Each structure stands twice: as C-alpha cells, then as structure tokens.
Amino acid sequence: QVQLVESGGGLVQAGGSLRLSCAASGRTFSNYAMGWFRQAPGKEREFVAVIRRSGLSTYYTEAVKGRFTISRDNAKNTVYLQMNSLKPEDTAVYYCAAGGKAATYIGEYDYWGQGTQVTVSS
C-alpha cells in the first residue's frame with residue numbers, strides 16, 4: 001500500500017502561482033511513476049502531468065505545457081506540481097497518483113490521494 005497526501009491548494013488570482021505537494025508513505029516511493037490529475041465540477045478527471053520513477057522524464061497535457069512543472073524528491077518521498085500563470089480554467093480538485101509506469105490513463109494508477117482544491121479567480 002502507498003498512502004498519498006496532497007497539500008498546497010488554495011485560492012489565487014489569475015496569473016498567480018501555486019505549488020502543490022504530494023507526500024507518500026508506505027512502499028518505496030522511487031518504485032512508482034507519479035502523476036497529477038484534476039477534476040473540475042461536472043467534468044471527468046483528466047491527466048495533467050507525469051514523472052518517471054527516476055525523475056528524468058516528464059510529460060504534460062497540452063493545456064498546461066510551459067506553465068506547470070512536475071518534479072519529485074525521492075529522498076523526501078514527495079512529488080510537486082509548480083503551477084504558474086494560472087487561469088480560471090485551471091480551477092479543479094487536483095489529485096496525485098502512483099503507478100507502475102508513467103501513463104496518462106487513469107486506470108494505470110494504483111494509488112490516489114484525497115485531492116486538494118485549486119481555485120483561480122478572474
């Protein structure tokens with residue numbers, strides 16, 4: 001089992017920044033690819049970003065490229081999502097997830113956090 005706890009969400013004005021953190025406990029963190037997903041009201045959960053186990057490779061959905069940065073610190077069992085130039089359409093609950101391989105598909109992830117709310121005002 002892997003337990004994931006997100007933090008860092010909040011209310012921010014458009015153009016602002018937030019840094020989300022996801023702390024992992026349980027099994028060896030470095031054995032898992034880590035992803036961030038988000039779910040806006042009335043919409044399905046969608047992929048945002050993923051980072052491989054080593055941290056050497058990342059991938060983003062087109063909507064956040066150039067604005068968001070995913071990173072991880074395997075010594076601290078933590079994955080981060082730095083979000084800059086935030087837009088109202090980024091408003092959602094953000095979830096981190098752990099899986100056996102880096103993927104954009106929700107079904108590839110075995111463990112999920114409880115989510116953290118990000119609200120961007122215009």
Side-chain angles (χ1 to χ4, degrees):
Q1 288 285 344
V2 176
Q3 292 77 42
L4 302 173
V5 179
E6 301 97 335
S7 61
L11 173 64
V12 64
Q13 288 188 332
S17 298
L18 283 174
R19 188 194 196 201
L20 306 184
S21 298
C22 172
S25 60
R27 293 185 176 179
T28 305
F29 178 70
S30 59
N31 286 347
Y32 295 91
M34 297 297 298
W36 284 98
F37 291 77
R38 65 186 180 186
Q39 188 166 16
K43 295 187 176 182
E44 294 186 351
R45 194 170 299 187
E46 64 175 4
F47 167 78
V48 175
V50 63
I51 188 166
R52 293 192 184 275
R53 292 175 243 185
S54 65
L56 296 179
S57 180
T58 60
Y59 181 76
Y60 302 88
T61 190
E62 193 65 32
V64 308
K65 282 183 181 177
R67 299 190 298 123
F68 290 11
T69 301
I70 188 172
S71 62
R72 66 191 296 162
D73 186 336
N74 286 344
K76 294 183 178 180
N77 293 347
T78 302
V79 62
Y80 305 97
L81 186 67
Q82 178 67 44
M83 305 186 295
N84 299 328
S85 302
L86 282 161
K87 304 176 181 180
E89 51 263 44
D90 293 319
T91 295
V93 177
Y94 283 71
Y95 300 88
C96 68
K101 64 177 183 179
T104 63
Y105 175 52
I106 289 176
E108 293 288 350
Y109 291 85
D110 302 308
Y111 304 102
W112 292 83
Q114 82 290 349
T116 185
Q117 176 71 47
V118 171
T119 303
V120 184
S121 63
S122 58

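As the structure is a prediction and not an experimental result, all values here were calculated from the model.
Counting non-hydrogen atoms of neighbouring residues, nucleotides and ligands closer than 6.0 angstrom, the NZ atom of K43 reaches no more than 12 such neighbours. When the shell of 6.0 Å around CZ of R67 is examined, it contains more than 12 heavy atoms from other residues, nucleotides or ligands.
For W112 and F37, the distance between ring centers is under 6.0 angstrom.
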message: With side-chain contact (heavy atoms from CB on, under 4.5 Å) as the criterion, how do R38 and V64 come out once you've worked through the C-alpha distance, each side chain's angles and the decisive distance to 0.1 Å?
response: CA-CA 12 Å; R38 65 186 180 186; V64 308; 4.0 Å; yes
query: Checking side-chain contact (heavy atoms from CB on, under 4.5 Å) for the pair D90/M83: CA distance, chi angles, key distance, verdict?
result: CA-CA 9 Å; D90 293 319; M83 305 186 295; over 6 Å; no
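When all heavy atoms of N74 and S30 are compared, the closest pair comes out as ND2-CB, 3.7 Å. Listed here is the closest heavy atom pair of Q82 and S17: NE2-CB, 4.0 Å. Considering every non-hydrogen atom in both L4 and A24, the closest pair reads CD2-CB, 3.6 Å. Smallest separation of non-hydrogen atoms from M34 and A98: SD-CB, 3.5 Å. Considering every non-hydrogen atom in both W36 and S21, the closest pair reads CH2-O, 3.8 Å. In plain terms, the two heavy atoms of A102 and A33 that are nearest each other are N-CB, 3.4 Å.
At distances below 3.5 Å, not a single donor-acceptor pair connects side-chain atoms of Q13 with backbone N or O atoms of S121. E108 contributes no side-chain N or O that, together with a main-chain N or O of K101, makes up a donor-acceptor pair within less than 3.5 Å. Of the possible polar contacts, none joining the T78 side chain to the A23 backbone as a donor-acceptor pair under 3.5 Å is found. Formation of a donor-acceptor pair under 3.5 Å by the Y60 side chain with backbone atoms of I70 is found in this model. Judged by distance alone, with hydrogens and angles left aside, the side-chain atoms of R53 form a donor-acceptor pair with the main-chain N or O of G100 at under 3.5 Å.
Residues R45 and I106 form a side-chain contact, since some pair of their non-hydrogen atoms from C-beta on lies under 4.5 Å apart. Inter-residue side-chain proximity for Y109 and V50 is flagged as met; some heavy-atom pair is nearer than 4.5 Å. At least one side-chain heavy atom of Y95 sits under 4.5 Å from a side-chain heavy atom of Q39.
Atom CG of L11 is separated from atom CD of Q117 by 9.5 Å, given to the nearest 0.5 angstrom.
Geometrically, R27 does not engage Y111 in a cation-pi contact defined by less than 6.0 Å to the ring centre and at most 45° from the axis. For the pair R19 and Y80, the distance from NZ or CZ to the six-membered ring centre is under 6.0 Å and the angle to the ring normal is within 45 degrees.
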